[in-house]
Structures are given as structure tokens and as C-alpha cells.
Amino acid sequence: MPQEVTTHIDPELCNGCGLCLRVCPSQTISLVNGKARVTGDSSLNCGHCAAVCPEGAVTVGSLDPEQSRFDTFSLEQIWLPFGDYDLAGLVRLMASRRSCRNYKDRPVPREMLSDLVKIGLSAPSGTNSQLWSFTVLSSRERVMAMASEVGRVIRDFNRLSEKAWLRGLLRLVGKPELDDYYREYHQSVSRALDEWDNQGVDRLFHGASAAILVGSLPGASCPAEDALLASGQMLLAAQAMGLGTCLVGYAVEVLKRQPALARQLGARPGEKIHAVIALGWPNEKYRRITGRRAPVLRWA
Ligand SMILES: Cc1cc2nc3c(=O)[nH]c(=O)nc-3n(C[C@H](O)[C@H](O)[C@H](O)COP(=O)(O)O)c2cc1C
Ligand code: SF4
């Protein structure tokens with residue numbers, strides 16, 4: 001995905017070291033008469049050149065410094081060298097993140113939500129397209145409105161799956177999905193809908209007071225991967241901020257099948273939602289890290 005070149009090099013500052021050429025993935029820069037010069041006609045606009053330059057001679061116009069400034073903490077704008085971090089602390093943070101399904105009835109400040117989105121932007125994206133979107137539901141009321149729309153679609157689908165003749169027919173023509181759904185989910189979904197109707201229990205968003213929908217815009221080379229990588233950064237950062245999170249796969253499935261629901265929230269045509277993150281102040285506490293099952297692991 002070729003992109004317009006927005007790199008600028010100040011020849012007065014450039015010392016000709018060539019470091020920017022070495023890290024540039026799109027061969028945008030060459031050394032001409034001992035100075036770096038923009039000679040390519042496309043650029044990933046990744047900012048490697050500006051990050052590596054010892055003289056501060058490079059700027060990349062398409063990068064927005066505002067996206068690296070945060071409201072709830074201050075970020076030292078200096079690159080952290082390889083290995084220069086508390087690995088055990090990082091892994092502890094990762095292993096301590098648990099899907100949170102109990103939240104306090106307390107709003108999440110807008111600044112925290114806005115910082116979380118900016119943190120999501122630190123993720124890599126295919127061809128550096130950064131064609132992701134973030135839709136922030138910033139109050140419990142907005143989350144509830146989304147939950148009831150999603151719940152309505154799930155209720156209809158659950159009812160449809162009760163038709164034994166339809167499940168049988170679809171299985172006969174090689175489409176077993178409805179029957180599989182019925183066997184695996186129908187009972188638990190019925191129970192959850194019942195609890196929602198009779199006790200107001202929110203089994204979808206678990207009472208979260210905010211949610212962020214992470215999507216992709218048309219043209220992204222790796223839309224789902226980009227959105228999910230951004231989501232991963234946000235889940236960890238939320239944990240560090242003291243917020244609990246839970247991915248809501250049901251909502252993603254519904255939004256995939258009913259793009260009109262996402263459009264009601266302002267999504268553009270062709271925009272797709274890949275992750276829905278419920279978040280809020282956790283009303284649960286753990287004592288220890290429990291680990292995972294052994295994975296399929298091979299050394300080839
Ligand atoms: C793609 C995806 C979809 C998920 N959807 C839901 C969901 O709809 N509701 C829910 O309570 N948890 C959901 N989860 C959370 C998983 O159940 C959870 O990650 C898993 O049980 C491991 O627990 P942990 O996140 O606490 O480590 C989802 C997780 C992923 C990765
Ligand atoms: S890294 Fe900076 S100083 Fe070195 S060649 Fe590139 S622009 Fe010039």
C-alpha cells in the first residue's frame with residue numbers, strides 16, 4: 001500500500017551518518033553528496049527515520065505528535081532500549097489481566113478512555129496502514145443501549161435455532177452451523193436472556209460502564225489482525241490503569257451480521273468491527289496467577 005511521502009530532512013542538521021537509510025523499510029531516503037535526502041516516491045510513514053536520527057534532522061509530517069501525549073500520565077518521549085525493561089513486571093501484568101465480569105457502578109473518565117485509544121495506536125499494523133477505528137461508548141447508558149440491541153438479535157437467533165425442522169434441513173444441505181449453535185449455546189443463551197428479562201442481569205457486558213469497539217476501515221491490508229493487536233495493547237494498558245476489561249465476542253458476531261447496528265454508532269460503509277471491549281472499574285479481586293493449559297508447541 002504505497003503512501004504519500006511526508007518525510008522532511010533538514011540538510012543543515014543532517015550529519016550524513018546514514019542511520020535513517022538503514023532502518024527505512026521503503027527506501028525513501030538516499031545519501032546524496034553526504035547528506036540524507038528524500039529520493040523515493042512512496043513511504044510507509046512509519047517514523048523509523050525520525051526515531052533513529054541522532055541530530056533530530058527528520059520529521060514525518062503525517063505523524064501526529066498529539067497521539068503520543070496523554071492526559072492521565074506523562075510519557076517520556078525517549079526510546080526505551082532493547083532489554084531495558086522489567087520483564088518479570090511486564091509478564092506479571094500480562095498474567096494478572098483476567099477477563100472482568102463484575103464492575104462497579106462508576107463511570108470511567110473520558111481522559112482514560114481517550115488515553116486507551118492512543119495506547120492502542122502503538123500496535124503494529126499491516127503496511128503501517130493504521131486503518132483502524134475506535135468507537136467509544138463512554139457511559140453505562142450507551143453500553144446498555146448497545147447491549148439491548150445485541151440482545152435483541154441474539155434472542156431472534158436463539159428462537160430461530162429452536163426450529164428442529166430448520167436445523168435438520170440445513171444440516172442435510174451441508175450447513176450444520178445452526179444445529180451446532182443449538183447444541184452448544186441455546187440453553188446457556190436462553191438462561192442469560194431470562195436473567196436479563198427477569199433480574200436485569202447483564203451477561204453480555206457484565207455491567208461495564210464503558211466499551212470500546214475496535215474496527216477496521218476499508219483498504220487495510222490486515223484488518224482483523226490490526227484491530228486485534230490494538231485491542232491487546234489496550235487490554236494490558238487498562239489493567240495497568242486499574243480498569244477491568246472483557247472482550248465481548250457475542251457483540252462482535254452480531255455486529256458482523258448486522259452492520260447497520262455499527263452504522264447507527266457512526267461507522268462508515270465498509271467499516272468492520274473486530275473487537276468489542278467492555279471495561280470499567282473492577283468489582284473483583286484475585287490472589288494468584290493460575291497459568292494456562294500446555295499449548296501445541298513444536299520446534300521445527
Ligand atoms: C475473541 C474473544 C471473545 C470473547 N468473548 C467473550 C464474551 O462474549 N463474554 C465473556 O464473558 N468473555 C469473553 N471472552 C473472554 C474469554 O472467555 C477469556 O479470555 C478466557 O476465558 C480466558 O480468561 P482470561 O481472559 O481471564 O485470561 C472472549 C475472549 C476472546 C479472546
Ligand atoms: S539519521 Fe539523521 S543525521 Fe543521519 S543521515 Fe539520516 S537525517 Fe542525516
Side-chain angles (χ1 to χ4, degrees), residues 5 7-24 27-40 43 46-60 79 91-103 143 146-147 150-151 153-154 181 184-185 188-189 191-193 195-196 201-208 211-215 224-225 227-232 234-236 238-239 243-256 273-280 282 284-293 295:
V5 180
T7 315
H8 175 76
I9 300 167
D10 184 338
E12 297 294 319
L13 293 177
C14 175
N15 68 17
C17 69
L19 290 174
C20 52
L21 281 63
R22 194 164 165 270
V23 295
C24 177
Q27 293 164 322
T28 309
I29 306 171
S30 317
L31 271 189
V32 180
N33 299 328
K35 297 273 183 186
R37 194 189 287 172
V38 173
T39 50
S43 170
C46 62
H48 278 33
C49 49
V52 81
C53 178
E55 308 293 347
V58 188
T59 46
V60 180
W79 181 68
V91 176
R92 189 172 168 211
L93 175 77
M94 290 169 161
S96 297
R97 182 214 54 79
R98 309 229 55 127
S99 293
C100 179
R101 300 184 183 89
N102 296 284
Y103 294 94
V143 174
M146 174 90 215
V150 170
V153 176
I154 292 176
Y181 168 89
E184 212 166 319
Y185 298 109
S188 58
V189 169
R191 206 176 320 122
L193 289 168
E195 286 174 352
W196 171 273
V201 178
D202 170 12
R203 291 262 178 247
L204 261 181
F205 287 82
H206 312 290
I212 303 180
L213 283 55
V214 189
E225 291 86 344
L228 293 170
L229 285 163
S231 301
M234 293 159 78
L235 296 187
L236 281 184
Q239 178 82 14
L243 295 172
T245 55
C246 189
L247 289 162
V248 187
Y250 277 110
V252 175
E253 281 306 310
V254 166
L255 288 162
K256 270 186 193 155
I273 303 300
H274 303 283
V276 174
I277 306 172
L279 59 126
E284 56 186 34
K285 240 184 195 169
Y286 296 93
R287 294 189 181 275
R288 55 192 65 84
I289 286 162
T290 53
R292 296 290 196 210
R293 280 199 303 271

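Atoms within each ligand, like the ligands themselves, are counted from 1 in listed order. Quick caveat, the model's predicted, so the values are computed rather than measured. Values reported hereafter were calculated over all heavy atoms of this structure, with side chains retained and with hydrogens, waters and symmetry mates removed.
Residue contacts with ligand 2 for Val58 involve side-chain atoms from C-beta outward but no N, CA, C or O (heavy atoms, distance under 4.0 Å). Contacts with ligand 1 closer than 4.0 Å are made by no heavy atom of Met94, backbone or side chain. Contacts between Cys246 and ligand 1 below 4.0 angstrom, taking non-hydrogen atoms only, involve the side chain exclusively.
A donor-acceptor pair under 3.5 Å links the side-chain atoms of Gln239 to the main chain of Ser96, judged by distance alone.
With values rounded to the nearest 0.5 angstrom, Leu19 atom CG is found 13.0 Å from Cys24 atom SG. Annotation: the span from Arg203 atom CZ to Phe205 atom CZ amounts to 15.0 Å, rounded to 0.5 Å. Here the SG-CZ distance, from Cys246 to Arg97, works out to 8.5 Å after rounding to the nearest 0.5 Å.
In summary, Cys53 places no N/O/S atom under 2.8 Å from atom 6 (Fe) of ligand 2, failing the contact criterion.
Near Val248, meaning under 4.0 Å from one of its heavy atoms, ligand 1 places the atoms 5 (N), 7 (C), 8 (O). Within ligand 2, the atoms closer than 4.0 Å to a non-hydrogen atom of Asn15 are 3 (S), 4 (Fe), 8 (Fe), numbered from 1 in the order shown. Close approach of ligand 1 to Tyr250 (heavy-atom distance below 4.0 Å) involves ligand atoms 8 (O). Taking every non-hydrogen atom of Ala36 and a distance limit under 4.0 Å, the qualifying atoms of ligand 2 come out as 5 (S), 6 (Fe), 7 (S), 8 (Fe).
Summary of contacts: the protein heavy atom closest to atom 26 (O) of ligand 1 is Ser99 N, 2.6 Å. Closest to atom 8 (O) of ligand 1, if we only count protein heavy atoms, is Gly249 N, 2.9 Å. Among all protein heavy atoms, the one lying closest to atom 6 (C) of ligand 1 is Leu247 O, 2.8 Å. The protein heavy atom nearest to atom 4 (Fe) of ligand 2 is Cys17 SG, 2.4 Å. Among protein heavy atoms, atom 16 (C) of ligand 1 sits closest to Arg101 NH2, 3.7 Å.
No more than 12 heavy atoms of other residues, nucleotides or ligands lie within 6.0 Å of CD in Gln27, so this atom counts as exposed by the packing criterion. Environment of OH in Tyr181: crowded, with over 12 heavy atoms of neighbouring residues, nucleotides or ligands closer than 6.0 Å.
Using a non-hydrogen distance threshold of 4.0 Å, Arg292 registers as a contact of ligand 1. Heavy-atom separations between Arg203 and ligand 1 are all 4.0 Å or longer.
The minimum heavy-atom distance linking Ile289 with Ala95 is given by the pair CG2-CB, 3.7 Å. The two atoms that bring Leu204 and Val150 nearest to each other are CD1-CG1, 3.7 Å, heavy atoms only. Smallest separation of non-hydrogen atoms from Asn15 and Pro54: ND2-CG, 4.2 Å.
For the pair Met146 and Leu255, the minimum side-chain heavy-atom distance is below 4.5 Å. Asp202 places a side-chain heavy atom less than 4.5 Å from the side chain of Trp196.
For atom 20 (C) of ligand 1, the nearest protein heavy atom lies 4.0 Å away or farther. Per-atom contact check: atom 1 (C) of ligand 1 does not touch the protein, criterion being a heavy-atom distance below 4.0 Å.
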| request: Could you walk me through whether Thr290 and Arg98 pass the side-chain hydrogen bond (donor to acceptor under 3.5 Å, both in side chains) test, one step at a time? | output: CA-CA 10 Å; Thr290 53; Arg98 309 229 55 127; 2.9 Å; yes

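Nearest-heavy-atom check against atom 8 (Fe) of ligand 2 across Ala51, Gly18, Cys14 picks out Cys14. Distances from atom 1 (S) of ligand 2 to the heavy atoms of Ala57, Cys20, Gly16 show the closest one on Cys20.
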